[in-house]
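Heavy atoms only: backbone and side chains are in, while hydrogens, waters and symmetry mates are out. By convention here, the first residue in the shown sequence is residue 1.
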Amino acid sequence: HAYSDNKTQHNDPIASDTLVIDDASLFCEVDFSIHGIAFDNQGLMYVGGDKTIYSVTRDKKVEHFITLDDTTENTIIWSLRLGPDRCLYVAAKDRLVRVTPGGEQTVVIREDFPGPCGVTDLRFDKDGDILIVYDNKIGRYDSDYRKQDIIDGSRFEPPLEWIVGIEFSRDFSKLYLGDCRGKHACIIPYLNE
(Lines give C-alpha, C1' and ligand atoms only; values in the text may rest on other atoms or scores of the structure.)
Protein backbone atom coordinates (compact mmCIF):
# COMPACT_ATOMS: atom_id res chain seq x y z
CA HIS A 1 0.00 0.00 0.00
CA ALA A 2 2.87 2.40 -0.55
CA TYR A 3 2.35 5.70 -2.30
CA SER A 4 5.19 7.29 -4.14
CA ASP A 5 5.86 10.21 -6.42
CA ASN A 6 9.03 11.78 -7.72
CA LYS A 7 9.74 13.53 -4.41
CA THR A 8 8.80 11.27 -1.52
CA GLN A 9 7.80 7.77 -0.65
CA HIS A 10 5.35 7.00 2.13
CA ASN A 11 5.35 3.44 3.46
CA ASP A 12 2.97 4.24 6.32
CA PRO A 13 -0.28 5.41 4.72
CA ILE A 14 -2.77 7.29 6.88
CA ALA A 15 -5.59 4.93 5.93
CA SER A 16 -4.48 1.70 4.29
CA ASP A 17 -7.93 1.08 2.84
CA THR A 18 -8.00 4.35 0.88
CA LEU A 19 -8.51 3.88 -2.83
CA VAL A 20 -7.70 6.42 -5.49
CA ILE A 21 -10.27 6.44 -8.30
CA ASP A 22 -10.95 8.81 -11.13
CA ASP A 23 -14.71 8.48 -11.44
CA ALA A 24 -17.77 7.93 -9.29
CA SER A 25 -21.14 6.29 -9.76
CA LEU A 26 -24.29 8.27 -9.03
CA PHE A 27 -26.03 6.66 -6.08
CA CYS A 28 -28.95 9.01 -5.47
CA GLU A 29 -30.23 12.50 -6.14
CA VAL A 30 -32.23 14.76 -3.84
CA ASP A 31 -33.54 18.30 -4.20
CA PHE A 32 -31.17 20.01 -1.73
CA SER A 33 -27.46 20.36 -1.01
CA ILE A 34 -26.14 17.33 0.85
CA HIS A 35 -23.90 18.28 3.77
CA GLY A 36 -24.01 15.11 5.84
CA ILE A 37 -24.06 11.37 5.21
CA ALA A 38 -24.35 8.59 7.78
CA PHE A 39 -25.12 4.87 7.78
CA ASP A 40 -27.03 2.87 10.36
CA ASN A 41 -26.07 -0.66 11.42
CA GLN A 42 -28.29 -2.22 8.75
CA GLY A 43 -26.64 -0.27 5.93
CA LEU A 44 -29.41 2.31 5.50
CA MET A 45 -27.89 5.60 4.36
CA TYR A 46 -29.08 8.98 5.59
CA VAL A 47 -28.39 12.18 3.68
CA GLY A 48 -29.04 15.60 5.15
CA GLY A 49 -28.87 19.23 4.21
CA ASP A 50 -31.02 22.32 4.64
CA LYS A 51 -33.45 21.14 7.35
CA THR A 52 -34.34 17.72 5.91
CA ILE A 53 -32.95 14.18 6.15
CA TYR A 54 -33.77 11.43 3.68
CA SER A 55 -33.10 7.72 4.00
CA VAL A 56 -31.63 5.86 1.04
CA THR A 57 -31.87 2.07 0.75
CA ARG A 58 -29.36 -0.21 -0.98
CA ASP A 59 -31.64 -0.34 -4.01
CA LYS A 60 -31.40 3.50 -4.14
CA LYS A 61 -34.93 4.19 -2.96
CA VAL A 62 -35.02 7.70 -1.46
CA GLU A 63 -37.63 8.46 1.21
CA HIS A 64 -38.23 11.46 3.47
CA PHE A 65 -37.05 10.56 6.98
CA ILE A 66 -37.49 13.79 8.96
CA THR A 67 -37.61 17.54 8.70
CA LEU A 68 -36.09 19.17 11.77
CA ASP A 69 -38.63 20.58 14.23
CA ASP A 70 -38.31 23.95 15.95
CA THR A 71 -35.85 25.44 13.49
CA THR A 72 -34.80 29.02 12.97
CA GLU A 73 -34.22 30.78 9.67
CA ASN A 74 -30.49 30.01 9.82
CA THR A 75 -30.78 26.33 10.79
CA ILE A 76 -28.88 24.14 8.35
CA ILE A 77 -27.83 20.51 8.79
CA TRP A 78 -24.06 20.32 8.49
CA SER A 79 -23.21 16.83 9.69
CA LEU A 80 -24.81 13.48 10.56
CA ARG A 81 -23.35 10.73 12.72
CA LEU A 82 -24.72 7.47 14.11
CA GLY A 83 -24.27 7.37 17.89
CA PRO A 84 -23.37 4.44 20.12
CA ASP A 85 -27.07 4.34 21.10
CA ARG A 86 -27.96 3.66 17.43
CA CYS A 87 -29.63 7.05 17.13
CA LEU A 88 -28.76 9.56 14.44
CA TYR A 89 -27.13 12.77 15.70
CA VAL A 90 -27.59 15.89 13.62
CA ALA A 91 -25.33 18.96 13.83
CA ALA A 92 -27.49 21.88 12.73
CA LYS A 93 -25.99 25.35 13.32
CA ASP A 94 -27.22 26.14 16.86
CA ARG A 95 -28.19 22.66 18.03
CA LEU A 96 -27.41 18.99 18.20
CA VAL A 97 -30.49 16.85 17.59
CA ARG A 98 -30.83 13.18 18.56
CA VAL A 99 -33.14 11.25 16.21
CA THR A 100 -34.35 7.75 17.06
CA PRO A 101 -34.69 5.13 14.30
CA GLY A 102 -38.44 5.86 14.43
CA GLY A 103 -37.86 9.57 13.71
CA GLU A 104 -38.45 11.01 17.20
CA GLN A 105 -36.40 14.19 17.59
CA THR A 106 -34.85 15.58 20.78
CA VAL A 107 -32.65 18.66 20.91
CA VAL A 108 -29.88 17.57 23.28
CA ILE A 109 -27.66 20.65 22.93
CA ARG A 110 -28.81 24.15 22.03
CA GLU A 111 -26.22 26.90 22.07
CA ASP A 112 -25.45 30.05 20.15
CA PHE A 113 -22.25 28.61 18.68
CA PRO A 114 -19.90 31.22 17.20
CA GLY A 115 -18.53 31.04 13.70
CA PRO A 116 -19.95 31.37 10.21
CA CYS A 117 -22.06 28.20 10.38
CA GLY A 118 -22.25 27.28 14.07
CA VAL A 119 -21.78 23.52 14.54
CA THR A 120 -20.12 22.09 11.41
CA ASP A 121 -19.16 18.56 12.45
CA LEU A 122 -19.37 16.02 15.26
CA ARG A 123 -17.78 12.73 16.28
CA PHE A 124 -18.09 10.28 19.15
CA ASP A 125 -14.93 9.28 20.98
CA LYS A 126 -14.31 5.72 22.21
CA ASP A 127 -16.02 6.53 25.53
CA GLY A 128 -19.17 7.82 23.81
CA ASP A 129 -18.49 11.50 24.50
CA ILE A 130 -19.51 13.84 21.68
CA LEU A 131 -17.03 16.22 20.10
CA ILE A 132 -18.63 19.25 18.44
CA VAL A 133 -16.75 21.47 16.00
CA TYR A 134 -17.60 25.17 15.72
CA ASP A 135 -15.63 28.18 14.53
CA ASN A 136 -12.01 27.37 15.50
CA LYS A 137 -12.95 25.40 18.60
CA ILE A 138 -13.96 21.92 19.70
CA GLY A 139 -16.15 21.18 22.70
CA ARG A 140 -16.57 17.78 24.30
CA TYR A 141 -19.92 16.80 25.84
CA ASP A 142 -20.26 13.91 28.25
CA SER A 143 -23.28 11.59 28.51
CA ASP A 144 -25.14 14.26 30.51
CA TYR A 145 -24.32 16.86 27.81
CA ARG A 146 -22.01 18.85 30.08
CA LYS A 147 -19.55 20.80 27.97
CA GLN A 148 -15.80 21.10 28.27
CA ASP A 149 -13.91 23.22 25.72
CA ILE A 150 -10.94 21.08 24.73
CA ILE A 151 -9.43 22.77 21.67
CA ASP A 152 -8.91 26.41 20.81
CA GLY A 153 -7.45 26.48 17.30
CA SER A 154 -6.42 30.13 17.60
CA ARG A 155 -3.61 28.96 19.89
CA PHE A 156 -2.09 26.62 17.27
CA GLU A 157 0.81 27.50 15.04
CA PRO A 158 -0.29 28.13 12.38
CA PRO A 159 -3.63 29.13 13.93
CA LEU A 160 -6.75 27.30 12.83
CA GLU A 161 -9.20 29.82 11.42
CA TRP A 162 -12.38 27.80 10.84
CA ILE A 163 -12.50 24.10 11.67
CA VAL A 164 -15.15 22.37 9.57
CA GLY A 165 -14.01 18.76 9.63
CA ILE A 166 -12.85 16.35 12.31
CA GLU A 167 -11.91 12.67 12.30
CA PHE A 168 -10.33 10.27 14.76
CA SER A 169 -7.43 7.96 14.06
CA ARG A 170 -8.45 4.31 14.18
CA ASP A 171 -7.19 3.91 17.76
CA PHE A 172 -8.77 7.22 18.89
CA SER A 173 -5.39 8.55 20.03
CA LYS A 174 -5.27 11.38 17.49
CA LEU A 175 -7.63 13.91 15.92
CA TYR A 176 -7.38 15.15 12.36
CA LEU A 177 -8.75 18.68 11.90
CA GLY A 178 -9.63 20.37 8.63
CA ASP A 179 -9.26 24.16 8.55
CA CYS A 180 -11.46 25.59 5.80
CA ARG A 181 -10.17 29.17 5.80
CA GLY A 182 -6.59 28.29 6.68
CA LYS A 183 -6.61 25.68 3.91
CA HIS A 184 -4.73 23.02 5.83
CA ALA A 185 -5.27 19.94 7.96
CA CYS A 186 -3.47 19.15 11.16
CA ILE A 187 -3.18 16.24 13.53
CA ILE A 188 -3.16 16.50 17.32
CA PRO A 189 -3.09 14.00 20.18
CA TYR A 190 -6.48 13.25 21.73
CA LEU A 191 -6.67 12.76 25.48
CA ASN A 192 -10.00 12.10 27.15
CA GLU A 193 -9.48 12.64 30.86
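The two residues G48 and L80 have their closest heavy-atom pair at N-CD1, 3.6 Å. The shortest non-hydrogen separation linking R58 to G43 is NH2-CA, 3.6 Å. Between N136 and L160 the shortest heavy-atom distance is CB-O, 3.2 Å. Between Q105 and V99, the shortest heavy-atom contact is CG-CG2, 4.3 Å.
A donor-acceptor pair under 3.5 Å is formed between the side chain of D40 and the backbone N or O of L44.
Separating the OH atom in Y190 from the CG atom in L175 is a distance of 7.0 Å, to the nearest 0.5 Å. Between the CD1 atom of I166 and the CD1 atom of I151 there is a distance of 6.0 Å, given to the nearest 0.5 Å. Between D129 atom CG and D144 atom CG the span is 10.0 Å, to the nearest 0.5 Å. The distance from the CD atom of E63 to the CD1 atom of I53 is 14.5 Å, given to the nearest 0.5 Å. Interatomic distance, OH of Y141 versus CG of L122, reported as 11.0 Å (0.5 Å rounding). Rounded to the nearest 0.5 angstrom, I132 CD1 and I138 CD1 are separated by 10.5 Å.
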Would you sort out whether Y46 and F65 count as a ring-ring contact (aromatic ring centres under 6.0 Å, His included), showing the intermediate values?
CA-CA 8 Å; Y46 296 95; F65 179 57; 5.0 Å; yes

Test side chain to side chain contact (heavy atoms under 4.5 Å, CB included) on F156 and I188 and set out the steps.
CA-CA 10 Å; F156 288 21; I188 61 170; 3.7 Å; yes

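Salt-bridge check for D59 with K61: failed, with every basic side-chain N at 4.0 Å or more from each acidic carboxylate O. Salt-bridge check for D121 with R123: passed, with a basic side-chain N closer than 4.0 Å to an acidic carboxylate O.
In the hydrophobic cluster analysis, where Ile, Leu, Val, Met, Phe, Trp and Tyr join through side-chain heavy atoms closer than 4.5 angstrom, L82 is grouped apart from V56.
For R98, the salt bridge (charged side-chain N to carboxylate O under 4.0 Å, His left out) partners are D85, not counting sequence neighbours. For D171, the side-chain contact (heavy atoms from CB on, under 4.5 Å) partners are S169, S173, not counting sequence neighbours.
Looking at K147, K93, R95 one by one, the single match for salt bridge (Lys or Arg N to Asp or Glu O under 4.0 Å) with E111 turns out to be K147.
Listed by first and then second residue, the ring pair (Phe, Tyr, Trp, His ring centres under 6.0 Å) pairs that reach into residues 78-137 are H35-W78, Y89-F124, F113-Y134, sequence neighbours excluded.
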